[in-house]
Amino acid sequence: MEIKNTPYIYRKSSGYKKPPETEREKDSFTSSEPQEKEWTFLVYLNGRGKNDKLAFYKLKDLEQTGSDEHINIVAEVTRDRHFIDRLTGDWEGTKRYYVTPNKHRKTNQVAHLFVPFHTKTIKSPAIEEMPARDETVPESLKDFLKWGMKNYPAKHYAVIVSSSGENLDGIMKYKNEKLTIPEFGESLREVEKETDKHIELMVLEGGNSAAMEVASEISDSVHYLVASEGRLKGTKIPFKKSIDTVKQGIKEKGTVTAEQAGKAFIYESGNQKISSIATPTMSLLDLSKTEEVNKMLSEFSAALKDYPDKGLLRRLVKLSQQFQGKGKKDFVDLRDFAQYVIRATEQTEPSLAEKARKLDESLEEMVKANFYVGQDVDKAKGIGIYAPVKKLSVSRHILDDVYPELKLAKETEWLAFIQDLAKDKRLYAFLKSRGVSHEDIDHLDK
């Protein structure tokens, strides 16, 4: 991979320290060592390009709750220069905030995306300011996480990644640059190795992220994952209400586990007014179950690969709950698909049906909570996987270039199965038989 030019090593500290308000807080400011809290939420915001106003909406939403004596909220956001900045005075670059409680005038969730002067409404102190960092570079993510864990220690760590990325298309994406899920997983492993701190909860706002591809990459450095099988829109996950619920749990019980914190994000996402648009599906996955699930998936996918009637399997994929990926419905709910396979083959191919049943049972253990809103996703059961039935330009690129690099492809037979599953359109097959190149077919597809 080509190293991208990022000036992330140049930093300028604001030197800010919030005045202590209580005796407990006074101790934390006079001590040479930062005081350990119950939770630290590390929020990685992409404010570049079309994500600009959404990122600052999310930051304002975090300010509605803010850090307190039990939790730290720290955020990093990068913003590009816009042509209107000379009039608004908005800034460019990268800032790290210690998010403090601040009240804001209530703005409609959608209307906020059109409000000018959006950076100037942030009231939390910028702890560090630096030139714009490329947030798609692994070093940028690692640097932020290590900085946050060192300066804001806690018994439990949660990482929130808010961006427009979509699983196989990259967790953090900007223009043609992306942080791939193998890079994402390797970054998290290196952070744990260097800090000796485990990420107990990961919240991903990118689409199609409650998936086996993501789980397999990050399971050795993250315990629980909150994500969506489908695509999230608008203002997405309600951060403020979710963290408020965590705070309430700490006040009542003294502590909140990672599973309980994850369920808070699931509950509040499902109960927001615009959940059918913003968060139509959400899942909480126990990634400690990933190894066992992949063992079952490997046996299941090997049997699927050898199953002669690929036409039946394509029909079962289409009958199962599907989710739109990059342009097409290329993701399928894995539990729903396994259950269709059970019903279709338990009389004719009991060995395959039994493998599907074991996979479904292991997936049930992995999905700790999930919900759906709307008839389009009413068969969502919590965990998805890539399963294209047509071989188009996007799916061919993923099958040939992206998927072979994934841990899931190396640990199971799923790639071999979906390579047989994805079928050329009749027209494309005819053109290929007449010697038309992939490039020309891709151009026709577009």
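- In this structure, the side chains of Lys123 and Thr100 stay at 4.5 Å or more apart for every pair of heavy atoms.
- Just one of Trp414, Phe337, Phe331 meets the ring-ring contact (aromatic ring centres under 6.0 Å, His included) condition when paired with Tyr386; it is Phe331.
- Note that OG1 of Thr279 is 9.0 Å distant from CD1 of Ile266, once rounded to the nearest 0.5 Å.
- In this structure, the side chains of His156 and Glu38 come closer than 4.5 Å at one or more pairs of heavy atoms.
- Checked for salt-bridge contact, Glu192 and Arg189 miss the test: no charged N lies under 4.0 Å from a carboxylate O.
- Other residues, nucleotides and ligands place no more than 12 heavy atoms under 6.0 Å from the CG atom of Asp196.
- With hydrogens and angles left out, the side-chain atoms of Ser395 and Asp330 include no donor and acceptor closer than 3.5 Å.
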- [ ] I would like to know whether Glu63 and Lys60 meet salt bridge (charged side-chain N to carboxylate O under 4.0 Å, His left out); could you show each step before the answer?
- [x] CA-CA 5 Å; Glu63 285 191 318; Lys60 285 172 62 177; over 6 Å; no
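- Contact check for Gln321 versus Asp378: side-chain heavy atoms found under the 4.5 Å cut-off.
- A salt bridge is absent between Lys381 and Asp360; no separation between the charged side-chain nitrogens and carboxylate oxygens falls under 4.0 Å.
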Task: side chain to side chain donor-acceptor pair (under 3.5 Å) evaluation trace for Trp147 with Glu128 - done: CA-CA 11 Å; Trp147 171 85; Glu128 291 194 17; 2.9 Å; yes
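- Remark: the backbone N or O of Asp134 is paired with a side-chain donor or acceptor of Ser140 at under 3.5 angstrom.
- By the 4.5 Å heavy-atom criterion applied to side chains, Phe265 and Met282 are not counted as neighbours.
- Looking at heavy atoms from C-beta onward, Lys37 lies out of side-chain contact with Ile71 at the 4.5 angstrom threshold.
- At a cut-off of 3.5 Å, with distance as the only test, no side-chain donor of Thr281 or Glu229 sits close to an acceptor on the other residue.
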- [ ] Begin with the C-alpha distance, continue with both residues' side-chain angles, and end with the deciding distance and a verdict on side chain to side chain donor-acceptor pair (under 3.5 Å) for Ser216 and Glu411.
- [x] CA-CA 9 Å; Ser216 299; Glu411 295 176 359; 5.0 Å; no
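- A 6.0 Å sphere centred on CD of Glu291 holds no more than 12 heavy atoms belonging to other residues, nucleotides or ligands.
- Donor-acceptor pairing under 3.5 Å is lacking for the side chains of Ser362 and Glu292.
- Aromatic rings from Tyr307 and Phe417 are positioned such that their centres are separated by 6.0 Å or more.
- Residues Leu359 and Val293 meet the side-chain proximity criterion, which asks for heavy atoms closer than 4.5 Å.
- The side-chain heavy atoms of Asp333 and Lys379, taken from C-beta on, include no pair separated by under 4.5 Å.
- With rounding to the nearest 0.5 angstrom, the CZ atom of Arg335 is 12.5 Å from the OG atom of Ser320.
- Phe184 places a side-chain heavy atom less than 4.5 Å from the side chain of Ile218.
- The main-chain N or O of Ile237 is found under 3.5 Å from a side-chain atom of Glu205 such that the two form a donor-acceptor pair.
- Residues Asn46 and Met172 come closest through the heavy atom pair CB-SD, 3.2 Å.
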TODO: Run the numbers on Thr65 and Lys247 for side chain to side chain donor-acceptor pair (under 3.5 Å), then give the verdict.
DONE: CA-CA 9 Å; Thr65 182; Lys247 285 182 174 181; 2.9 Å; yes
Open item on the list: Under the criterion salt bridge (charged side-chain N to carboxylate O under 4.0 Å, His left out), I'd like the reasoning laid out for Glu259 against Lys368: C-alpha separation, chi angles, the key distance, then a yes or no.
Closed with: CA-CA 8 Å; Glu259 182 175 341; Lys368 292 301 181 183; 5.2 Å; no
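- No more than 12 heavy atoms of other residues, nucleotides or ligands sit less than 6.0 Å from atom NZ of Lys241.
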TODO: Walk me through it: do Lys358 and Glu299 pass the test salt bridge (charged side-chain N to carboxylate O under 4.0 Å, His left out)?
DONE: CA-CA 10 Å; Lys358 288 182 178 179; Glu299 295 179 8; 5.5 Å; no
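- In summary, Lys142 and Glu194 do not engage in a salt bridge, as defined by a charged side-chain N under 4.0 Å from a carboxylate O.
- Crowding of Tyr157 atom OH: a count of heavy atoms from other residues, nucleotides or ligands under 6.0 Å exceeding 12.
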Open item on the list: As a quick check of understanding, evaluate side chain to side chain donor-acceptor pair (under 3.5 Å) for Thr40 and Asn72, giving each step before the final call.
Closed with: CA-CA 5 Å; Thr40 288; Asn72 296 306; 3.1 Å; yes
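- Environment of CG in Asp376: sparse, with no more than 12 heavy atoms of neighbouring residues, nucleotides or ligands closer than 6.0 Å.
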